[in-house]
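The structure displayed is predicted, hence computed values, not measured ones.
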Amino acid sequence: MGEKASQRAAAFAAHVSMRNSSTEVKDTSVLGQGNPMADMAAERSKASFPVRELTYFLDGGKDMTALKERIMTELERDPVFENIDFYDLTKEQLRERTMSRIARLIHYITSEREEVSHLRLSLVGLMDMGLLTRTGVHYGLFFGSLRGSASPKQFQYWVAQGAAEMKGMVGCFCMTELAHGSNVAGLETTATFDERTDEFIVHTPHIRATKWWIGGAAHTATHTVCFARLIVKGKDYGVKSFVVPLRDPKTYDLKPGVSIGDLGKKMGRDGIDNGWVQFSYVRIPRQFMLMKHSKVDRHGNVTQPPLEQLTYGALIGGRVSMAADSAQMSKRFVTIALRYAAVRRQFTSKKGEVETKILDYALHQRRLLPLLAQTFAMQFSSDETSARHRALMRKIDSTDPSDLKAMAIVIDELKEVFTTSAGLKAFTTWACAETIDQARQACGGHGYSAYNGFGQAYNDWVVQCTWEGDNSILALSAGRGLIQRYLEVQKGGKVPAQTAYLNKLSVLKCAKAGSRKIDSVAVLSEAWEAVAAAVVSKAGESFVALTKQGLSADEAFEETSQQRFLAARIHTRCFMVLKFFDRISSARADIKSILTDLAFLYALWSIENDAGLFLQAEFFTSKQIDQIRELCNSYCRKIRDQAVPLTDSFNLSDFFINSAIGRYDGNVYENYFVQVKRQNPSKPQAPYFENVIKPFVHRDGEVELDAEELDEDEA
């Protein structure tokens, strides 16, 4: 080897040595590591509240906890749901396994009450997001569209065809197109009525209108609910939904005029066979248009619903469920990070002493404990919104459309839930993505291992931020609704409960914390209402000013987009803080104290993150913001000893946590090492040794080494 080559090699070695840790194996007792399992047991002994009672409170009662545990046991014991090798599966293996799991789930879905199936699927989503999505494409999107948009007679027809049991029929949902996603009204696929044959002709006019990201289309679906522009006698009536057969259910041959392809590898959720679909003058019976709302008769007469907003109700359910999923997934990852932090020891101030648990470091508490508090806030706010949505859908179904006064009330409630659910979906799914990543970073290098769950989960999760409404667009939509509520108040009207702070604008404009105790429900609730009112008012005032300058309403909304986004974000955070306080007011005394600490931490941490807005509203002074920062530190210290018991209250078994360093027993190093060895058995040579390694190492011929040449010259 020449001198220059030696110099280059030495320089490279010096560079990489800065990055690589020592591989020397040392006795952990010498390092003062303690016993991880004993450390975990000690953490649990610190519980200041009955963990089981908090579990009941989160689940909605003992019966729900028992049901949840029964379902978890069924899934854990079923070999079809074995997940030990989950992080090593290829795309093809994932797709095959996902379909076999759906075949097993059908037994439960078709035999259980709907609320039980929902609980089962939420737990399925925790262990395998792709499985939840592939199942949800049929039941949530396809079957949900039939139930929400088909007439009663149409619905019974499709149920008889096997839609409810996924027997002889597997559905997908053709809404998104290559060039249109969030702008559903701009979709370009057409469904033109042919009065002569009493059929619709479904057609993809150009490549931009190709249906894209269609889950289940590539391999599985036999039918789809297709969103297309209704064209009758040359008139465009906007986007409606149609059932279009894609494949022969027996042979799986594509129907004439249908072209389908596979979208291939994705960032995550590879268990879903996403595909593209094009229609070339595909004919379907007129009755395959879903006609609960809009209708077309045999002679091409079109009947539009008097209140088109009613069709929006179906969109809310998906958004609410994603907020609930955000809480569920956050539970999993704050549990992993906090359990690991409770047994991982690094550094000591005195030689010979046991090293310090990383959870005892103030900064680590600040990284994780607000995320724990936020997880509770996400659950309570999604619980509230879900209950309101269910009540609203019952009211829509029971209200006579001809009763205009009653329908006006329903529409007003629908707008309110629509606005809140849009903001909640956006900001909770973003928060969950951030929680997964921050929890990963808090676990250091071990968080980067696939076997600890973070990487796969993050890749699987983040699609939630862009599907069923891009989060930024949803936030703008929520902001638009808030400005409209502000305008109603300015005209002397009253707005419903979720934006009730707008009914007291004049009072909140002058509100201040003053000398009152900051960490109190009254002050923190008023603080958030005051700032939400200020931000929404500012956006509303800007909108009004722009319209007075001659801008149209749409132009003014666009010009205020940044303010609308901020209004949606602060309104959503205000909603989550208030619902946290509302929920714990009904808690038992023995769990209310810890829940109050969590609620205070969440509200204070959230204020700290938006301190400028509270100063601008003059609710808090600069000195009080400093006090709030110290209060955050104080509540982190207070909650620190309860961190592990709090995560235990989530009642998630190791099967669902599926992380070597997040297991219940705390034996993180042995669990991790065993899994790595099991999934990656040692081999004498790499599979690419002969073709790559060997030719590279010996590219100039074998170098003879003489160990004596390494001795230093003797004097």
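- Here Y602 pairs with nothing under the ring pair (Phe, Tyr, Trp, His ring centres under 6.0 Å) rule; sequence neighbours left out.
- Between the side chains of Q379 and K331, at least one donor N or O sits under 3.5 Å from an acceptor N or O.
- Ion pairing between a basic and an acidic side chain is recognised when a charged N comes within 4.0 Å of a carboxylate O; E468 and R319 show no such pairing.
- Applying the ring-ring contact (aromatic ring centres under 6.0 Å, His included) test to every pair with at least one member in residues 461-502, sequence neighbours left out, gives these pairs: Y501-H571.
- With 3.5 Å as the limit, one finds no donor-acceptor pair spanning the side chains of T65 and N651.
- For the ring pair (Phe, Tyr, Trp, His ring centres under 6.0 Å) test, no residue two or more places apart in sequence or in another chain qualifies with F619.
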What verdict does the side chain to side chain donor-acceptor pair (under 3.5 Å) test give for K512 and Q624, after you've listed the backbone C-alpha separation in whole Å, the side-chain angles of each residue and the deciding distance to 0.1 Å? CA-CA 11 Å; K512 299 181 188 301; Q624 286 173 321; over 6 Å; no
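- Checked for salt-bridge contact, D460 and R269 miss the test: no charged N lies under 4.0 Å from a carboxylate O.
- Within the structure, ring-ring contact (aromatic ring centres under 6.0 Å, His included) contacts touching residues 524-557 (residues at least two apart or in different chains) are W528-F614, F543-F557.
- Partners of D128 under the salt bridge (Lys or Arg N to Asp or Glu O under 4.0 Å) rule, at least two apart in sequence or in another chain, are R101.
- A search for side chain to side chain contact (heavy atoms under 4.5 Å, CB included) contacts involving V462 returns M267, A433, Y458, not counting sequence neighbours.
- Proximity of a side-chain donor or acceptor of T135 to a complementary backbone N or O of L131 within less than 3.5 Å is detected.
- The aromatic ring centroids of F580 and F600 lie 6.0 Å or more from each other.
- By the salt bridge (Lys or Arg N to Asp or Glu O under 4.0 Å) test, E434 pairs with no residue at all, sequence neighbours left out.
- Under the 4.0 Å criterion applied to side-chain N and carboxylate O atoms, D412 and K415 are not assigned as salt-bridge partners.
- Considering only heavy atoms from C-beta on, F454 stays 4.5 Å or farther from D437 through its side chain.
- Not counting sequence neighbours, the partners of E115 by the salt bridge (Lys or Arg N to Asp or Glu O under 4.0 Å) test are R113.
- Checked by atom type, the side-chain pair T189/E177 shows a donor-acceptor distance below 3.5 Å.
- Evaluation of the salt bridge (Lys or Arg N to Asp or Glu O under 4.0 Å) test over residues 523-545, restricted to residues two or more places apart or in two chains, returns K504-E529, R516-E526.
- The salt bridge (Lys or Arg N to Asp or Glu O under 4.0 Å) contacts involving residues 486-495 comprise R485-E488, where partners must be two or more places apart or lie in separate chains.
- Between F427 and F565, the distance separating the two ring centers is shorter than 6.0 angstrom.
- A donor-acceptor contact closer than 3.5 angstrom is absent between the side chains of Q464 and S326.
- In this view, Y139 satisfies the ring pair (Phe, Tyr, Trp, His ring centres under 6.0 Å) rule with no residue, not counting sequence neighbours.
- Note on ring orientation: taking the six-membered ring where Trp is involved, the planes of F173 and F227 are perpendicular (angle over 60°, cut-offs 30° and 60°).
- Shown here are the salt bridge (Lys or Arg N to Asp or Glu O under 4.0 Å) partners of R480, two or more places apart in sequence or in another chain: D554.
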